[in-house]
Amino acid sequence: MNYLDELNESQRLPVQQIDGPLMVIAGAGSGKTRVLTYRIAYMIENGIDPFNIMALTFTNKAAKEMSERIASIVGDSEARSISMGTFHSVFSRILRYNSDRIGYPSNFTIYDTQDSKSLLKDIIKGLNLDDKAYKVNHVYGRISSAKNNLLSADAYAQNEEIVWEDKQAKRPELSRIYKAYENRCRKSGAMDFDDLLFQTHVLLSKFPDVLHYYQQKYRYLLVDEYQDTNYAQYLIIKKLAAAYENICVVGDDAQSIYSFRGANIKNILNFKVDYPDFNLYKLEQNYRSSKNIVEAANSIISKNKDQIHKVVWTDNTEGNKVSVVRALSDNEEGKIIAHKIYRSKENGIESFNDFAVLYRTNRQSRSFEEALRKLNIPYRIYGGISFYQRKEIKDLLAYFRLTTNPNDEEAFKRVLNYPRRALGNTTKEKIIIAANQNGVSLWDIVSNPENYSLALNKPTQGRVNDFVTMIKSFQAELGKLNAFELGETIAKESGIIRELKGEIDKGPEEIERFQNIEELLGGLQEFVDLDGSGDFKSLSDFLLEVALLTDADTENKEDRNHVSLMTIHSSKGLEFPFVYVVGLEENLFPSQLSLHSRSDLEEERRLFYVAITRAKSACTLSYASSRFTWGQVISSEPSRFIDEINPKFLEFETPKLRGGGRSLKSRGSNPSFSNKFQNKVSSNRNLKPLSASSKTPTYSSEKEFMVGQNIIHERFGKGKITKLNGFEADQKAVIFFPNHGTKTVLLRFAKLTIIKEK
DNA sequence: CCAGTACTTAGGTTG
DNA sequence: TAAGTACTGG
């Protein structure tokens, strides 16, 4: 197969430019991944050594997908030799190799957000600061953005502007917290997510020989989603690319949705400054979505002022208009969407995989879960609490971490008294204080009690010693037992298994916890067995793999037939035939927190653009006029984003509220009106959920179909309608296709053209 | 030290 | 609402 034939002209050009800097601005659905994968394949086929290629993505999923596609063209072993992965995972490997240069152990722990926040909480308490003024989330965000801008704690303290800002905000001690945090991470041999970037930059700027080595090794660089890179990422890439300038970045400014974690759109705009002789390619043809969807999305994004000019267009069929649905409450919204999915599936849609529900915030998933469960529709929630974040899993992993890196403070605190061994807060506090006073790790204190006066009573000291002995016994097995064997030993001897087994009769949650532990051990076994290289796989090797995994990576093959529920953020890069963008309400989407600045609001708008452009053949928007929030019902008005779409591309399934939706609040406070209103419609829904639309207005785009008519179907070609069933939204047609036999199609989704007879 | 209970408080998106 | 913290008595 010659894959170059599968590309259009504007895709082919960047694929065939191997050397020199190039930037590809790729509109939504324009085949960006295809360009990246084919480009890498093309490079390898033209003699580039895959070991010389670094390809960076933002999600593991994107990396995995690309890797698989490349492997299918150039073969497994070639594909495996490419350094392809997320920034975090590729950089963490570089850091492992060179950790001694920057004073970290090679088996450094990676702190996840939970770990970082828990440490910060501890530090704020330890410095006797008011935890109301110093909210952990805020402090964490502040430090994170400092690191993303390559400011160390010392640089932070010396930066007058920042110090002034903190003073204004009545948080003058922030730089002290940052400093303490930096120290304690280092004492623990731990890096947080931001350190993986920050320290990579330190490594490359402090050690010219290391930089030189990686410039030579990675002489071909590719960066996906370039619009989402932050300053640290930008500078690292720039350094690596400096020797050869073989750098290809791909991005779409219209899909930049990560400024909250430091993404800087200027990186795209600066590309021409850094590489003046670069080539710019634009991919503007959308292959994914129907015309109505593309145009609706275009009409949204045109409301943004800051953007690179491009015209996204498509050759695809017109398709259905984007429909808009109103629900009266968040629960009803769930029901309506679930029923829609139920009906479409009933009408011949192949698989539940074709459906996605996209929302702004994770907590919105609840009503959809409930409604889908009631209809027995399989679903999967992406994001949210991942497998590796569960308490029981984190507990066991903490033992693993402590075994490979005993200085890991967060792991230590987590398991010192779990399962309970009568080493509670008092003891923990004493150890922490001693560690801070002596500037050593918690483990240093307990493993050398004779060197530090701890003032523990005899029996407590004895129990601490037992704990130390146990961890040491695990460590002794590190080189002898493989990951699975040692993992199982730890699970048993730490007492975790006994603990969970003892609770198993308490209820389903406890059973699940036990099963999760079993699943983790199963994962260890797989990790050892499936590798195939025959190399010895230790527990440390496992931890390296696991630290950067997210929920989206734990997909198992059996449950492939499900509706996907996820935030719009995590839907980026994905596509689905049927997309439901839900919760389109003011203060939710756009988020309340985005309303005070234009740039934030524009980012919300880009997010909306991303959401709509996930859809291939149909997109539905929904909103609820009341929503259960923080224990009470809040009334809400439809999002401004709905109004911003050119109405030509919209179709309102439920009538728009009259008299201006913006006055909903006063209306909601009138109980007699709102109750009456609510009862009427919701009882209608409850009584006949599966034909709920019989009283809603007809669909404006509906064509008049009749039995006996000849039509053309997008996929099946010519056919004749033999039967019509149902009404309006549910209307189905039984059609005989000479080439494909008889099919039942839902008229709402099928793309049929009527052949006029004369 | 620990378990049970009363009270507070968050509220966005991710690797 | 739900999760996390503070307090109290055994």
Side-chain angles (χ1 to χ4, degrees), chain A residues 56-63 85-92 110-118 121 125 131-132 135-138 140-141 144 147-148 191-198 225 228-230 232-233 255-263 330 358-364 366-367 382-386 388-389 391 416-429 456-457 459-460 463 546-553 566-573 583 587-595 600 603-604 606-608 610-611 627-634:
Chain A
L56 301 171
T57 64
F58 269 78
T59 61
N60 293 306
K61 198 170 185 173
T86 62
F87 282 86
H88 291 86
S89 76
V90 172
F91 291 174
S92 76
I110 296 171
Y111 276 176
D112 65 16
T113 316
Q114 256 182 63
D115 295 319
S116 298
K117 287 184 180 171
S118 134
K121 224 180 252 179
K125 208 166 86 190
D131 60 2
K132 295 213 171 62
K135 298 229 173 96
V136 178
N137 283 331
H138 181 265
Y140 177 80
S144 170
K147 286 187 183 176
N148 285 324
M191 295 204 198
D192 65 15
F193 285 140
D194 302 310
D195 281 327
L196 296 177
L197 310 179
F198 183 89
E225 310 278 14
D228 287 332
T229 50
N230 60 35
Q233 290 163 328
Q255 297 184 63
S256 159
I257 54 175
Y258 282 105
S259 74
F260 71 93
R261 71 175 200 213
D330 45 356
L358 308 181
Y359 34 74
R360 176 70 241 264
T361 66
N362 276 307
R363 67 191 156 91
Q364 288 166 259
R366 210 207 71 247
S367 61
Y382 291 80
I385 291 199
S386 88
Y388 296 101
Q389 312 262 45
K391 186 195 170 302
L416 178 66
N417 196 33
Y418 183 82
R420 267 178 308 251
R421 47 178 75 89
L423 295 171
N425 278 328
T426 326
T427 312
K428 201 180 281 178
E429 288 295 310
L456 297 177
N457 61 37
T460 307
R463 291 192 290 267
V546 126
L548 295 167
L549 285 188
T550 52
D551 195 38
D553 312 316
M566 64 181 87
T567 62
I568 300 165
H569 279 90
S570 43
S571 76
K572 188 151 108 174
N587 298 329
L588 178 61
F589 193 16
S591 148
Q592 190 166 19
L593 297 154
S594 72
L595 299 180
D600 284 0
E603 177 150 318
E604 294 284 303
R606 292 193 294 269
L607 193 56
F608 187 44
V610 168
R627 187 168 287 278
F628 202 59
T629 318
W630 321 317
Q632 51 180 333
V633 177
I634 307 282

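Letters A, B, ... mirror the listed sequences (proteins, then strands); counts begin at 1.
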| task | Can you tell me the distance, in whole Å, between the NZ atom of A/Lys132 and the C1' atom of B/dA10? | result | 13 Å
| query | Distance check: side-chain N/O of A/Asn362 vs OP1/OP2 of B/dT13, anything under 4.0 Å? | reply | yes
| Rounded distance in Å - CG (A/Asp115) to P (B/dT14) | 18 Å
| query | Using the rule for Phe, Tyr, His and the six-membered ring of Trp, do A/Tyr258 and B/dT14 stack at under 5.5 Å and under 30°? | reply | no
| said: Tell me the interatomic distance from A/Lys117, atom NZ, to B/dA10, atom P, rounded to whole angstroms. | reply: 13 Å
| Has the side chain of A/Gln233 got a donor or acceptor that lies under 3.5 Å from a partner of the other kind on the base of B/dG15? | no
| Any chance the side chains of A/Asp330 and A/Ser367 put a donor and an acceptor closer than 3.5 Å? | no
| query | Please give, in whole Å, the distance from C/dT1 P to A/Arg627 CZ? | reply | 16 Å
| NA contact type, A/Glu603, heavy-atom cut-off 4.0 Å: base, sugar-phosphate, or nothing? | nothing
| query | Is any side-chain N or O of A/Arg360 under 3.5 Å from a base N or O of B/dT13, one able to act as donor and the other as acceptor? | reply | yes
| said: With a 3.5 Å cut-off and heavy atoms only, can you find an N or O donor on one side and an acceptor on the other between the side chain of A/Asp194 and the base of B/dG15? | reply: yes
| message | How many whole angstroms separate atom NZ of A/Lys135 from atom P of B/dA10? | response | 4 Å
| said: Could you walk me through whether A/Ser570 and A/Thr567 satisfy the side chain to side chain donor-acceptor pair (under 3.5 Å) test, starting with their C-alpha distance in whole Å, then the side-chain angles of each, then the deciding distance to 0.1 Å, before giving a yes or no? | reply: CA-CA 5 Å; A/Ser570 43; A/Thr567 62; 2.8 Å; yes
| query | Using atom P of each nucleotide, how far apart are C/dG4 and B/dT13 to the nearest Å? | reply | 15 Å
| Base, sugar-phosphate alone, or nothing: which one does A/Gly631 contact when heavy atoms must sit under 4.0 Å apart? | base
| field | Whole-Å distance separating the CG atom of A/Asn137 from the P atom of B/dT9 | value | 14 Å
